[in-house]
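Structure first, then comments.
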Amino acid sequence: CFFFFSSRRRHTRSSLVSWARRCVQETGYQRRVHGIFIMWILCAFLIAGIFAGKGVDVSTLFTEAKCKCLKEKGDNYFIPRCFQSGGRADPNCGKNLANAKSAGLHADLYIFPCVPCGNPAKQVDDTIKAVGSHTVGIYWVDVETLKWHSDHAENRKFIEEMVKALQAKGKKAGIYSSYYMWQSIVGLDYHGMSHLPLWYSHYDKKPACTDFKPFGGWKKPQIKQYQGTTTLCEGGVDLNSDCQIFLSSHLNNCLLYTSDAADDTPCVDLGGRRIIKKKK
């Protein structure tokens, strides 16, 4: 009965009824064969999800050829720097966004703010001008240890003003940081940005996000930067994984129950095996 839906013909109501009857009349052996096949299909989708969750961030110019190379190697998103810590918009921002689009890569961007320069709203305006008409997903505010104030309150105020300026322009803001950077710059007790997406760094060279240690009010991250500067497609990149897609962040919520008794229960039959939700 599984192959019924693989046909491209239009199915009538009567044909659907006939298909349902055949499924009910199938033997336990046939259900197991179909169940095993379905399990392979599910595994294929899960594996595809892993590769869909790969991406890089860059601080240099990436040509269209390099971006296409990234796409061919399985990367699906691209995060270029669009504001430099020296206090100016990154001159490669627009070109990188255009090249990513041509290669079929989803694009976010990150702002490396110049804290000593002050005026976070102007830094946002300069970034948006550099972006131009290009489509960007999330504007990530980089909160890492470089020339921040020694006063946590001052740093919190700077971040809040930058995020407020982004939102006033209709942009989606996110925060890039790590447990220790956040602790040093604003303090672990500051939860003022926890409503925004989090991109965290932990260079363990493992894409899985199971290592995440909650901080700043965040319980679940969106992206993990798991490896620092490395060479890929003849360019310097940082490697990232999407925590909302990556397989290991989902499978730990399920258990695989194996028993022939599954054929006798009103649940999804996967050839004598059924997936049940793990009790919390």
Side-chain angles (χ1 to χ4, degrees), residues 44-83 89-112 124 127-143 163 166-167 169-177 193 195-202 206-209 212 218 220-250:
F45 275 111
L46 289 171
I47 292 172
I50 292 176
F51 292 104
K54 291 174 56 182
V56 302
D57 63 272
V58 304
S59 58
T60 59
L61 177 64
F62 253 63
T63 63
E64 182 177 340
K66 289 181 179 179
C67 287
K68 288 182 177 179
C69 173
L70 292 174
K71 182 71 173 179
E72 291 170 358
K73 289 184 178 296
D75 289 293
N76 284 78
Y77 60 90
F78 184 78
I79 310 177
R81 181 183 63 190
C82 280
F83 195 88
D90 193 315
N92 295 321
C93 174
K95 295 176 184 177
N96 275 330
L97 292 173
N99 292 337
K101 180 179 179 181
S102 297
L105 295 169
H106 169 82
D108 290 349
L109 65 80
Y110 74 92
I111 299 173
F112 203 148
V124 166
T127 301
I128 293 174
K129 288 178 183 177
V131 171
S133 60
H134 298 292
T135 301
V136 173
I138 298 177
Y139 286 62
W140 298 97
V141 178
D142 192 331
V143 182
V163 168
L166 283 167
Q167 294 174 335
K169 297 290 185 178
K171 309 304 180 182
K172 184 175 181 180
I175 299 294
Y176 166 89
S177 195
M193 296 292 115
H195 60 290
L196 300 178
L198 174 66
W199 172 17
Y200 80 106
S201 63
H202 181 207
K206 298 177 182 180
C209 301
F212 178 68
W218 286 288
K220 293 182 180 180
Q222 180 159 319
I223 298 177
K224 174 185 177 181
Q225 187 182 77
Y226 63 89
Q227 186 168 336
T229 303
T230 186
T231 300
L232 186 64
C233 293
E234 300 182 354
V237 303
D238 296 326
L239 303 181
N240 301 274
S241 59
D242 190 326
C243 299
Q244 296 183 344
I245 295 177
F246 199 80
L247 178 63
S248 62
S249 66
H250 293 285

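Because only heavy atoms are used, hydrogens play no part in the values below, and waters and symmetry mates are left out as well, while side chains stay in.
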Worksheet item: Taking all atoms of both residues into account, what is the closest heavy-atom pair of Tyr176 and Gln225, and its distance?
Response: OH-OE1, 2.7 Å
Please list, one pair per line, the donor and acceptor atoms closer than 3.5 Å that link side chains of residues 59-66 to other protein atoms, with sequence neighbours excluded.
from: Thr63; atom 1: OG1; to: Lys66; atom 2: N; distance (Å): 3.2
from: Glu64; atom 1: OE2; to: Lys68; atom 2: NZ; distance (Å): 3.0
from: Lys66; atom 1: NZ; to: Glu234; atom 2: O; distance (Å): 3.2

Item to complete: Could you check Val124, Leu166, Val163, Asp108 and say which one makes a side chain to side chain contact (heavy atoms under 4.5 Å, CB included) with Tyr139?
Response: Leu166
Worksheet entry | Lys71 atom NZ, neighbour heavy-atom count above 12 within 6.0 Å | yes
Practice prompt. List the atom of Trp140, the atom of Ile175, and the distance in Å for their closest heavy-atom pair.
Written response: CE3-N, 3.4 Å
Item to complete: Start with the C-alpha distance between Asp57 and Trp199, add both sets of side-chain angles, then the distance that settles side-chain hydrogen bond (donor to acceptor under 3.5 Å, both in side chains), and finish with yes or no.
Response: CA-CA 11 Å; Asp57 63 272; Trp199 172 17; 5.0 Å; no
Response to the item:
Closest non-hydrogen contact found for Gly228 with Asp238 is C-OD1, 3.2 Å
Fill in: Which residues share a disulfide (SG to SG under 2.5 Å) with Cys82, sequence neighbours left out
Cys93
Worksheet item: When you measure from the side chain of Trp218 to the backbone N and O of Leu196, does any donor-acceptor pair fall under 3.5 Å?
Response: yes
Worksheet entry | Shortest non-hydrogen contact from Gly74 toward Lys54 | O-CB, 3.8 Å
Practice prompt. Apply salt bridge (charged side-chain N to carboxylate O under 4.0 Å, His left out) to Lys169 and list each qualifying residue two or more places apart in sequence or on a separate chain.
Written response: Asp125
Worksheet item: Do Leu232 and Leu239 have side chains that get closer than 4.5 Å, going by heavy atoms?
Response: yes
Discussion item. When you measure from the side chain of Asp75 to the backbone of Lys73, do you find a donor-acceptor pair of N or O atoms at a distance under 3.5 Å?
Written reply: no
Discussion item. Using a 3.5 Å distance criterion without hydrogens, assess whether the side chain of Ser177 forms a donor-acceptor pair with backbone atoms of Val143.
Written reply: yes
Worksheet item: Between Lys172 and Pro197, which heavy-atom pair has the shortest distance, and what is it?
Response: CE-CG, 4.0 Å
Fill in: Check: Ile111 and Arg81 side chains under 4.5 Å, non-hydrogen atoms
no
Worksheet item: Would a 4.5 Å heavy-atom cut-off, applied to side chains only, mark Cys67 and Phe78 as touching?
Response: yes
Worksheet item: Are Val237 and Thr230 close enough that some pair of their side-chain heavy atoms sits under 4.5 Å apart?
Response: yes
Worksheet entry | Asn240, Leu105, Ile138 screened by side chain to side chain contact (heavy atoms under 4.5 Å, CB included) with Tyr77, the one that passes | Asn240
Discussion item. Taking Ala208's backbone N and O only, do any of them form a donor-acceptor pair with Lys224's side chain (distance below 3.5 Å, no angle check)?
Written reply: yes
Worksheet item: Looking only at atom types and distance, does a side-chain atom of Lys101 sit under 3.5 Å from a main-chain N or O of Thr135, one as donor and one as acceptor?
Response: no
Item to complete: Give the intermediate values and the outcome of side chain to side chain contact (heavy atoms under 4.5 Å, CB included) for residues Asp242 and Asn76.
Response: CA-CA 10 Å; Asp242 190 326; Asn76 284 78; over 6 Å; no
Practice prompt. With the side chain counted from C-beta on, respond yes when Cys209 and Ser241 share a heavy-atom pair under 4.5 Å apart, and no when they do not.
Written response: yes
Fill in: Validation row: Thr127, Leu109 side chains within 4.5 angstrom (heavy atoms)
yes
